[in-house]
Amino acid sequence: MSLEIDVDHTRGSFRISARFSAAPGLTALFGRSGSGKSTLVDIVGGLVKPDRGRVAIDGQVLVDTERNVFVPKHLRRIGYVFQDSRLFPHLSVRRNLLYGRWFNRQVGAASADLASVVDLLGIGHLLERQPASLSGGERQRVAIGRALLAHPQVLLMDEPLASLDEARRAEILPYIERLRDEAGLPILYVSHSVAEVARLATTVVILTEGKVTAVGPVADILSQADSGDGGSVLDAQVARHDEPFQLTVLTSRAGELQVPRLNAPVGASVRAYIRGRDVMLSLKPPEEISALNVLAGRVVAVVPDKNGGQAEVRLDCNGDALAARLTAKSVQRLGLAPGLPVYAVIKSVSFERS
Amino acid sequence: MSLEIDVDHTRGSFRISARFSAAPGLTALFGRSGSGKSTLVDIVGGLVKPDRGRVAIDGQVLVDTERNVFVPKHLRRIGYVFQDSRLFPHLSVRRNLLYGRWFNRQVGAASADLASVVDLLGIGHLLERQPASLSGGERQRVAIGRALLAHPQVLLMDEPLASLDEARRAEILPYIERLRDEAGLPILYVSHSVAEVARLATTVVILTEGKVTAVGPVADILSQADSGDGGSVLDAQVARHDEPFQLTVLTSRAGELQVPRLNAPVGASVRAYIRGRDVMLSLKPPEEISALNVLAGRVVAVVPDKNGGQAEVRLDCNGDALAARLTAKSVQRLGLAPGLPVYAVIKSVSFERS
Amino acid sequence: QSNVVIFAAASLKNALDEIATSWSKDTGKPAPKISYAASSALAKQMEQGAPADMFISADLDWMDYVQGKNLIKNDTRFNLLGNKIVIIAPKDSKIANLALKGDDLAKALAGGKLSMANVDAVPAGKYGKAALEKLGAWSPVKGSIAQAENVRAALLLVARGEAPLGIVYSTDAAAEPNVKIVATFPEDSHPPIIYPAALTKDSNNADAKAFLDLLRSGKARTAFEKQGFTVLVKSNSST
Amino acid sequence: MTPEEWTAVRLSLLVATTATLASLPFGLAIAWLLARKDFWGKGLLDTLVHLPLILPPVVTGYLLLITFGRRAPVGAFLADNFGIVFSFRWTGAALACGVMGFPLLVRAIRLSIEAVDTRLESAAGTLGANPLWVFATVTLPLCLPGVIAGAILCFAKSMGEFGATITFVSNIPGETQTLPSLIYTFTQIPGGDAGAFRLTLVSIAISMLALLGSELLARRIGVRQMAA
Amino acid sequence: MTPEEWTAVRLSLLVATTATLASLPFGLAIAWLLARKDFWGKGLLDTLVHLPLILPPVVTGYLLLITFGRRAPVGAFLADNFGIVFSFRWTGAALACGVMGFPLLVRAIRLSIEAVDTRLESAAGTLGANPLWVFATVTLPLCLPGVIAGAILCFAKSMGEFGATITFVSNIPGETQTLPSLIYTFTQIPGGDAGAFRLTLVSIAISMLALLGSELLARRIGVRQMAA
Ligand SMILES: Nc1ncnc2c1ncn2[C@@H]1O[C@H](COP(=O)(O)OP(=O)(O)OP(=O)(O)O)[C@@H](O)[C@H]1O
Ligand SMILES: Nc1ncnc2c1ncn2[C@@H]1O[C@H](COP(=O)(O)OP(=O)(O)OP(=O)(O)O)[C@@H](O)[C@H]1O
Ligand code: MOO
Ligand SMILES: [Mg+2]
Ligand SMILES: [Mg+2]
């Protein structure tokens, strides 16, 4: 979303001091509990006025303490999904969903929107209910709907999917992707799930105790994330669909990938996220094995973990970076060292379904 | 926990009608958003009085509408971690944590407990704070601590870890395991995370629209779960620790398993959960590959998914059941069919670290 | 020795306080405790066993009421004070001298209100109404009466210029610089305005009797007259 | 009941209703100020609002008279510029009742506003509502229980108020003689107790109906909201 | 100020404080009942609580007199069995003030109790607190803003109440002559205005201090709680 942030703020004994700029698209905020993610989102949303600093989205300055600029939140045209859902208890689900429409009605097809959003979130049967009678997940889904229906120019999502089951997440994720890609909506997204971040983020920002410790494109950052689940992102194109087997064949510099059927047209650019723990390494091309994806590459580096039991093996597959997480024992057994040619074996089902 | 439930209850248009009994240990409630999990936990906790039915824990009848028994919640000695944390806003974090101590003081070493629980949850620096100033994850951690420190005889946990980062989860999970195993505390646990459930649960109960659609030992149930992530559970013993490589070698009927170093003594019984998507199948023993675990077995059944793109291949490995999730294409390519001998290849890092 | 407790109509406060203080100084006895309130309230309290030694009512009706309930020593009852009712106007009013017959009064009001104390309940109001009736001036002004809770409030309405004319006691009119008296009712135009006093049935406090005797003796005359009352007991007749 | 008594009943209803409705907007505004804003003189404003409670009603009536009387500065200004006259009118009785009930109204609303979760107000803000809309669509509906409670207190007080009323606008049958004034008059007449008792019952009956109505209303709102 | 006035000030403080503190437990209990329970006769209880607001103070005072007077049934019973005497004592003035302030006290507390999230009460129950403890450790602290508001309203009302007091326990200096009774007496005599004005200022000053104190207290509690 071309988000520029440079702020300092103190809340009690907690001090946030963040400075970064993010490319257009979805910016994921990643960090441990209490690291200041919600505070930062609140600053962008206009709920918290930073002690000092500047916030701009797509060049539009929202906050600039030096020039005394502070755009009030109701003029920022944001859709904010709060960590606590904050539904209006006196309004029915329907009226909660339509609340934002009272104020931003320049977009026409809002009623069509309601239907599709309600459908996506599976909350059609809840429309006439009061929020107090909803389950935790239902509440959060309504909150997501309410933010989407406000026709925002920026979407702020603070752990929107944390209380949802996997099936529901799998339905909502592609929708967020579409918002990012088709509607070009800038999104600031907080999540504890690497898979979600990997799939959605353009830029990842890692917060540690109020400070930005890493920022950059998702592919560069995720493997550094202190999450026990580093991974790689390959840029690829849809080459063809294999309808009988419901597979999609992607081509990337690293080679051909067969993944579960994607809902994208041939030729489309997609991103494949490969977890380090899903990658096996073999010294010769494996035969008669179930995995459909074998990428040839060369070891670039072997990075042992702090505690020594495991290591990340970084490969160069024809220019694409790929990381594998192995036990130290396998590293020794296979004699992995920079320069060694290897084959990365990846199951098709490892890829997230969409 | 030897939990027996047989209740009917109606909330608005939602009707729950659940009947099952669960073995001692941790019972996981699994099901989609709005399926009635929290309602069921509320019934066990005494927050909701069912229209009809009976609830008993370890033979102690808590509710029996026919005999007009309803033990009030303050006499049930439960520790309830709510989906919404429900901290007391007027008490400091410390007083929230110690609230239960006023009432259940028969256990002596409570102050030692406070220290260890605070340590486990990483909330030492928050003790003098008021709940309003906590982040979402901090709040949930305090709520967990408050329930643990009430010295409960039963623990009810409704999505306790949903808002926590992976690192913090990884710290708390073993603690819950210890409560289950060492303290023998019966636990009713709601979660959307298959990994959590697989790791913790003795019994899994699957709720669908208020009805119990499956109940049984975790190994039997999880592969049926409508979660896109069926898996298997192998009972195993710790054979030895491989300190240099920080691995633990387990023996199971299926064979030897090398997993990341466990914090369990040699001889201890442990449970290994293996996700279907982490299992590769090979027609001959693979060589020069990074995976440390190769189990020989025989195909028992090939169960295609509803949509046909993937299949679950069930194996019998010397008496232990193991499931692998493959693409339909791989199934065809390898000619997998019942009776065929195969080798299951599993990376060590696939196992959850503890 | 316990204090004498006197229940007295509120309008007597200035005079009675002065008398009580000097009596206490002269005799060395503790000053009486005087409860000033509406005669109606005091009468009903006596009915409920109030610890009063003496009752001084603002009119005969409430004294008759307590006597009817057998709450006073009948032989101690006597008429202590008299008063006059007058018509007042704001100081700056153009009205100077007002005739009181027929509809002169109504004309003088010129659409304004005649401020009086409640004509059914408050003594000053009752007297005023009786006088106007007797003088044939009642029906023309009947619809223009603003009835206040008590004389003081009626006085206030005129003093503030809300009402062009009002009927109050001469005692009140004399003390209010913002009003002037524009007419005085003839004595015979209304029942005599009398403040009766008596000891209560239950009183056995010798000082109470002594204080009542003091009032009866006329020694308190100056204090009452200073406030504009007419003292009805004869001077210097002591018991 | 006599025609005079009926008139007093009707007048009391008119006065109490007017007093309650007319003071609501001011009550809301001041309650909001006191609940949500910090400003210089807040303590003074708070005391001012409470004055009618602290002062004997007669004194309040007196103060009203010297402020809103025909010759008083504010009273004259209102009369000359807006034609609003209070003195000896039922409007004056309503003003007196409204003023006497004001502290009760403000307190109840203020308590309820303070209980409204400001996080919901922020949420409304992010959805595009400006502060006024936030107040109208979130704060106000959520503090309705307090508004209802305040209104019913003000109404009940108006049904019983007479000290300030009679001092300010006296007791003119059909114009300013409200039920309590009439009841008071009865208590001042020897033997008037029966009349006072009868009218007291009427007053209680009216207020009870108002109370029940307010409870039903509050309950309907409450059921819809609960804690979310 | 004269000694008589000082006495009245001291007495008023005593009466107002006693009235407020003594009615608090009853107010809490009844507010809780009205807020949280449904029972037969609830509407009646509610009306009864509001009566002192609805009735002219003189009527309330008269009802007190014929109920708690020395010769009245309840009054005689309390005097004979517990030695509690109200009639024409300062205790009676406190009773009158307490009764007059009671509807204000109950309403404020009730509003606050209704705003307490019952989910927190359930949470306390699961941690082992029986209903009484839940009330003491969760409901009560969380409705403190209402308790404080109710108490200050009751106190302020007591500083201004005289109609019921003077009717019930008369106006005996040093015993039942409170500040407002004395102010009232001053307004009843020629030349008393200055005295009334002086005492009114004293009354306002006291109430202002009480108000400020209550605001500070409420703020301290509020800052600690906020919405969690
Ligand atoms: N008071 C009520 N009136 C009507 N329906 C209700 C009421 N309370 C709960 N429900 C419904 O009961 C169903 C079960 O709710 P419950 O909170 O038990 O779900 P859950 O399984 O915990 O879901 P989640 O994972 O989203 O927390 C939901 O569909 C909810 O809408
Ligand atoms: N009013 C306050 N006073 C003191 N500290 C505060 C206050 N509000 C927030 N904090 C602290 O600021 C830090 C950042 O909070 P924030 O809510 O931004 O965390 P977060 O990254 O969103 O965490 P989570 O993942 O748990 O939601 C936390 O440590 C929190 O305790
Ligand atoms: O069939 Mo796969 O390629 O092992 O998932
Ligand atoms: Mg957060
Ligand atoms: Mg739930």
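Lettering of chains follows the sequences in order, A, B, ..., and the numbering in each one begins at 1.
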Contacting moiety of [X], where chain B heavy atoms sit under 4.5 Å:
| X | value |
| --- | --- |
| D242(A) | side chain |
| L247(A) | side chain |
| S135(A) | side chain |
| R168(A) | both |
| E159(A) | side chain |
| T327(A) | both |
| L334(A) | side chain |
| R11(A) | neither |
| Q140(A) | neither |
| V345(A) | both |

Residue pair [X] / [Y]: nearest heavy atoms and the distance that separates them:
| X | Y | result |
| --- | --- | --- |
| M280(A) | I289(B) | SD-CD1, 3.7 Å |
| P260(A) | Q310(B) | CG-NE2, 3.8 Å |
| F245(B) | Q332(A) | CZ-OE1, 2.9 Å |

In terms of heavy-atom pairs under 4.5 Å with chain A, which of G34(B), G12(B), G36(B) leads?
-> G34(B)
Measure the CG-OG distance between L134(B) and S38(A) for me, rounded to the nearest 0.5 Å.
->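 The OG atom of S38(A) is 12.0 Å from CG of L134(B), to the nearest 0.5 Å.
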S163(B), part contacting chain A, at a heavy-atom distance under 4.5 Å |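 S163(B) touches chain A through backbone and side-chain heavy atoms alike.
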Side chain, backbone, both or neither: which part of S282(B) has an atom under 4.5 Å from a heavy atom of chain A?
->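 The answer is both parts of S282(B).
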H125(A) vs S13(B) side-chain heavy atoms within contact, under 4.5 Å =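 Of all side-chain heavy-atom pairs linking S13(B) with H125(A), none is under 4.5 Å.
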Look at atom CZ of R240(A) and say whether more than 12 heavy atoms of other residues, nucleotides or ligands are closer to it than 6.0 Å.
-> no
Under 6.0 Å from the CD atom of E256(A), do we count more than 12 heavy atoms belonging to anything else shown?
->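 Yes - once you tally the heavy atoms of other residues, nucleotides and ligands closer than 6.0 Å, there are more than 12.
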Is it the case that R141(A) and S33(B) place a side-chain donor and acceptor less than 3.5 Å from each other?
-> yes
With a 4.5 Å cut-off on heavy-atom pairs, point out which of Q83(A), K37(A), K329(A) contacts chain B the most.
-> K329(A)
